[in-house]
Amino acid sequence: MPAITLPDGSVRTFDAPVSGTTVAAAIGPGLARAALAMKVDGKLVDLSSVIEADARVVFVTRKDEDALEMIRHDCAHVLAEAVQELFPGTQVTIGPSIENGFYYDFARNEPFTTEDFAAIEAKMREIVGRNAAFERSVIDRDEGIAFFEAKGEKYKAELIRDLPGTEVITLYRQGEWIDLCRGPHMRSTGDIGTAFKLMKVAGAYWRGDHRNPMLSRIYGTAWRDQKELDAYLHMLEEAEKRDHRRIGKDMGLFHLQEEATGSVFWHPKGWKLYRTCEDYMRRRIAGDGYLEVKTPQLVDRVLWEKSGHWEKYREHMFLARVDEEDKTLALKPMNCPGAVMIFRQGIRSYRELPLRLAEFGACHRYEPSGALHGIMRVRSFLQDDAHIFCTEDQIAAETVKFVELLSSVYADFGFPEFRVKFADRPPTRAGTDATWDKAESSLKEACVTAGVKYELNPGEGAFYGPKLEFVLRDAIGRDWQCGTLQLDFVLPERLDAEYVAEDGSRRRPVMLHRVIFGSMERFLGILIEQYAGRFPLWLAPVQVAVATIVSDADGYATEVAEALRRAGLSVKLDLSNQKINAKVREHSLQHVPVIAVVGRKEAEQRTVALRRLGGEAQELVPLDEAVARLAREATAPDLARPTLVQGAA
RNA sequence: GCCGACGUAGCUCAGUGGUAGAGCAACUGAUUCGUAAUCAGUAGGUCGUCAGUUCAAUCCUGACCGUCGGCACCA
């Protein structure tokens with residue numbers, strides 16, 4: 001006698017166990033048509049599931065977020081059926097729903113290409129049109145294995161073999177096609193609708209392990225209706241326009257070329273942006289008590305052997321040999337050993353701790369060719385690195401201080417939101433389990449103190465310690481780790497760093513590795529995409545374009561440009577023999593934030609006509625006032641903030 | 001590194017087994033025109049690199065390099 005409680009609080013009682021389909025029909029024909037699945041006591045299940053006992057039931061219709069995920073999952077099944085109909089002999093593996101869509105991994109001798117898409121999509125539409133019901137059935141473990149092996153589906157058989165013995169093994173049938181699946185699904189293939197599209201093909205390792213065979217993955221996107229699909233596709237197009245590689249080229253910020261794979265050639269405008277960010281960071285860390293140092297680029301392998309990098313990361317290091325000397329040097333892949341070498345000079349006292357040694361350190365890492373991506377992932381980059389040597393007692397306070405600094409920096413660059421991940425001990429690591437226990441718990445406590453909310457990223461810590469990862473998102477939704485804070489009890493031990501404690505004993509300091517931008521290259525890539533090249537005035541590589549209307553104004557325009565430059569602004573003087581329309585267009589396309597137009601009238605009145613990027617309005621301003629105002633507006637946000645001292649005065 | 005696609009002028013792209021074109025940009029000249037493209041002319045490419053097939057290769061084949069989309073990797 002199940003009593004079913006609906007979201008509005010009403011209760012319906014049935015004489016015997018009932019399916020969701022029956023319940024929906026009992027409530028009304030509208031719901032019967034709209035219900036795709038249901039949540040029974042919060043658990044999403046097939047509409048045809050039978051409710052045995054009292055339960056709270058929520059019906060899922062097309063409007064619900066859960067429906068979207070089911071559309072995508074069902075769509076993956078239809079994709080698999082279509083592929084197997086069209087390409088007999090192809091084995092199916094797994095096909096989940098993902099953000100914005102779904103994929104399915106197939107095992108086939110010949111990988112798919114985008115040229116196959118038209119036929120596959122047509123077949124998918126045909127299958128959706130058949131509107132075959134999704135039918136769930138439970139199968140015995142051994143039968144299931146035998147069933148899939150008989151069909152030549154060895155991947156599916158392997159999946160069942162690896163399921164825990166307690167797991168109920170379910171199959172879903174749609175028409176003649178059957179897949180191993182946990183479910184749930186909607187009522188029938190027709191519920192998917194037609195707002196789907198195959199997007200790309202890719203290789204992917206079976207079970208995500210590079211030692212396994214490579215499968216052919218087909219990605220698709222699926223939505224509730226055509227309007228949503230169109231909006232998504234349009235969003236992707238827009239996002240492509242923000243791509244830092246596109247903007248970097250169009251604005252002349254940087255380039256990459258074959259002879260220096262993975263290294264950036266920064267052009268004047270790009271380098272201006274780079275330096276603006278670097279200068280900003282120098283001020284911020286100086287304000288937080290960091291001392292800047294610089295350590296050698298080329299270091300003997302002996303040091304890397306001591307630090308443990310040689311053993312674990314040699315294949316990622318660029319080596320340098322000199323014929324005259326029997327030595328192997330390595331370009332530093334990171335700055336930490338250098339920082340420890342500085343710490344080790346002389347005898348350190350507990351009174352010096354925490355000692356915050358910062359370095360804008362150029363690092364080189366031989367990244368796998370397939371990992372390279374524009375300026376986001378390169379082989380030569382600059383870290384805004386720092387190493388904080390402190391006592392265990394100081395970890396929490398330093399973490400809090402760091403998170404505050406990082407949050408403030410990200411906010412200044414237009415990233416008020418960011419994600420934090422806590423990465424704990426990796427499979428290959430240095431240090432004892434006891435050390436790791438201590439390090440992980442210290443960092444977690446520090447997070448509590450700092451009020452940092454994180455998600456767990458298991459097994460992704462550095463080899464010497466756990467880390468916090470601060471993640472920013474690019475234009476197309478890809479996540480990139482930028483900032484990080486890493487707790488390290490290992491390197492001080494390996495490289496023998498110590499200080500004299502209050503009681504005269506020698507102690508090991510704890511080392512905190514931390515970056516905020518992470519890599520300048522990556523951060524700038526994200527920054528470019530964040531603003532789509534339309535930087536706020538303080539960041540813009542060219543801040544003002546002074547453009548003349550007639551050549552009679554050339555002299556005055558030159559004067560204007562000089563005045564602005566004296567005020568510290570980056571100015572492009574455009575005396576070219578073009579119409580003002582063309583000049584406005586050109587500088588607008590270059591995303592120059594302010595165009596100062598100068599004609600006869602301005603020259604006579606000693607004014608400028610200011611036009612802001614993206615606006616059409618012009619503002620006639622006396623030259624002196626324009627210079628003062630723009631200089632003030634172009635002040636970096638950290639310098640524009642009143643300091644405590646000024647506030648007190 | 002693995003799977004797939006791609007590589008033609010500075011940029012965006014077209015094209016063909018008989019050694020290449022367009023638009024924009026560049027350069028020259030004319031134009032001095034008040035807020036998103038003034039007109040005309042000129043110049044510019046061993047078609048990613050190296051082999052092979054062919055009477056003949058930018059086009060076909062192979063290797064390599066690079067780029068792109070994923071996967072794996074990311075100290």
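Just so we're on the same page: letters track the sequence lines, and every chain starts at 1. Quick caveat, the model's predicted, so the values are computed rather than measured.
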Q: Pick the C1' atom in U35(B) and in A40(B), then give their distance to the nearest Å.
A: 26 Å
(Q) Using the salt bridge (charged side-chain N to carboxylate O under 4.0 Å, His left out) criterion, which residues pair with Arg379(A)? Sequence neighbours excluded. (A) none
**Q.** Separation of C3(B) P from Asn109(A) CG (nearest whole Å)
**A.** 14 Å
(Q) When you measure only distances, ignoring hydrogens and angles, does the side chain of Glu259(A) come within 3.5 Å of the base of G66(B) through a donor and an acceptor? (A) no
Q. Counting a pair only when it is Watson-Crick or G-U and both distances are under 3.5 Å, which runs of at least 3 such pairs involve RNA chain B?
A. B:1-7 with B:65-71, B:10-13 with B:21-24, B:26-30 with B:38-42, B:48-52 with B:60-64
Q: Please state how far atom CD in Gln257(A) lies from atom P in C11(B), giving the value in whole angstrom units.
A: 12 Å
Q: Remember a base hit wins even if backbone is also touched, and classify Lys249(A) as base, sugar-phosphate or nothing at under 4.0 Å, heavy atoms.
A: sugar-phosphate
**Q.** All salt bridge (charged side-chain N to carboxylate O under 4.0 Å, His left out) counterparts of Lys200(A), not counting sequence neighbours
**A.** none
Q: Just grab all the side-chain hydrogen bond (donor to acceptor under 3.5 Å, both in side chains) pairs involving residues 92-102 of chain A, residues at least two apart or on different chains.
A: none
Q) Under 6.0 Å between ring centres, would you say that holds for Phe254(A) and Phe265(A)? A) no
(Q) Run the side chain to side chain contact (heavy atoms under 4.5 Å, CB included) test against Phe415(A) and tell me which residues pass, sequence neighbours left out. (A) Tyr410(A), Phe413(A), Leu472(A), Phe523(A), Ile526(A), Leu527(A), Gln530(A)
Q: Figure out the NZ/P separation between Lys579(A) and C33(B), and round it to whole Å.
A: 10 Å
Q: Apply side chain to side chain contact (heavy atoms under 4.5 Å, CB included) to Asp433(A) and list each qualifying residue two or more places apart in sequence or on a separate chain.
A: Arg425(A), Arg429(A)
Q) Salt bridge or not for Lys421(A) and Asp479(A), using N-O below 4.0 Å? A) no
Q. Looking only at atom P, what distance separates G4(B) and A63(B), rounded to whole Å?
A. 11 Å
**Q.** RNA chain B contacts made by residues 511-518 of chain A, counting heavy atoms under 4.0 Å
**A.** none
Q.
Could you tell me how far apart Gln578(A) (CD) and U38(B) (P) are, to the nearest whole angstrom?
A. 7 Å
Q. In whole Å, what separates the P atom of G23(B) from that of U19(B)?
A. 23 Å
(Q) When the P atoms of G34(B) and G48(B) are compared, how many Å lie between them, rounded to an integer? (A) 47 Å
Q. Residues in side chain to side chain contact (heavy atoms under 4.5 Å, CB included) with Leu256(A), at least two apart?
A. Val264(A)
(Q) By the 4.0 Å heavy-atom rule, please label Ile580(A) as base, sugar-phosphate, or nothing. (A) sugar-phosphate
Q | Under-4.0 Å salt bridge between Arg508(A) and Asp496(A) | A | yes
Q: Pick the P atom in A57(B) and in A20(B), then give their distance to the nearest Å.
A: 13 Å
Q | Cationic N near anionic O, under 4.0 Å, Arg356(A) to Glu398(A) | A | yes
(Q) salt bridge (Lys or Arg N to Asp or Glu O under 4.0 Å) for Glu559(A) and Arg606(A)? Distances and angles first, verdict last. (A) CA-CA 10 Å; Glu559(A) 227 184 289; Arg606(A) 297 194 64 78; 2.5 Å; yes
Q.
What is the distance, to the nearest angstrom, from the CG atom on Leu589(A) to the P atom on U35(B)?
A. 17 Å
Q.
Using 0.5 Å steps for rounding, measure from the CH2 atom of Trp206(A) to the CD atom of Gln91(A).
A. 9.5 Å
Atom pairs, protein N/O to nucleotides 39-46 of chain B N/O, distance under 3.5 Å:
none

Q.
I need a per-nucleotide contact map over nucleotides 67-75 of chain B, read 5' to 3'. Cutoff is protein heavy atoms under 4.0 Å; write B for the base, S for backbone only, - otherwise.
A. SSBBBBBBB
Q: Would you mind telling me which residue lines up with the more 5' stretch of RNA chain B, Arg379(A) or Leu613(A), judged by nearest nucleotide?
A: Leu613(A)
Q: Write down the distance separating the C1' atoms in A22(B) and G45(B), rounded off to the nearest Å.
A: 14 Å
Q: Identify whether the distance between the nearest side-chain nitrogen and carboxylate oxygen of Glu619(A) and Arg629(A) falls below 4.0 Å.
A: yes
**Q.** Sugar-phosphate, base or nothing in reach of Ala547(A), heavy atoms under 4.0 Å
**A.** nothing
Q | Non-neighbouring partners of Asp243(A) that pass salt bridge (charged side-chain N to carboxylate O under 4.0 Å, His left out), sequence neighbours left out | A | Arg245(A)
Q) If you measure from the C1' atom in C59(B) to the same atom in G15(B), how many Å do you get, rounded? A) 10 Å
Q) Quick one: Arg611(A) CZ to U35(B) C1', roughly how many Å, whole number? A) 5 Å
(Q) Over all strands shown, is Glu110(A) touching base, sugar-phosphate only, or nothing at heavy-atom distances under 4.0 angstrom? (A) nothing
Q.
Can you see if the side chain of Arg246(A) gets near the phosphate of C11(B) - specifically, an N or O under 4.0 Å from OP1 or OP2?
A. no
**Q.** 5' priority, RNA chain B, between Leu215(A) and Asp552(A) [closest heavy atom]
**A.** Leu215(A)
Q: Nearest whole angstrom, please: distance from the P of A37(B) to the CD of Gln590(A).
A: 16 Å
Q. What integer number of Å spans the C1' atoms of A14(B) and A56(B)?
A. 24 Å
(Q) Once side-chain hydrogen bond (donor to acceptor under 3.5 Å, both in side chains) is applied, do any residues pair with Lys572(A), and if so which ones, sequence neighbours excluded? (A) none
Q.
Taking the six-membered ring for Trp, are Tyr104(A) and Phe102(A) closer than 6.0 Å centroid to centroid?
A. no
Q: Choose from A36(B), A37(B), C33(B) the nucleotide whose nearest atom is closest to any side-chain atom of Ala582(A).
A: A37(B)
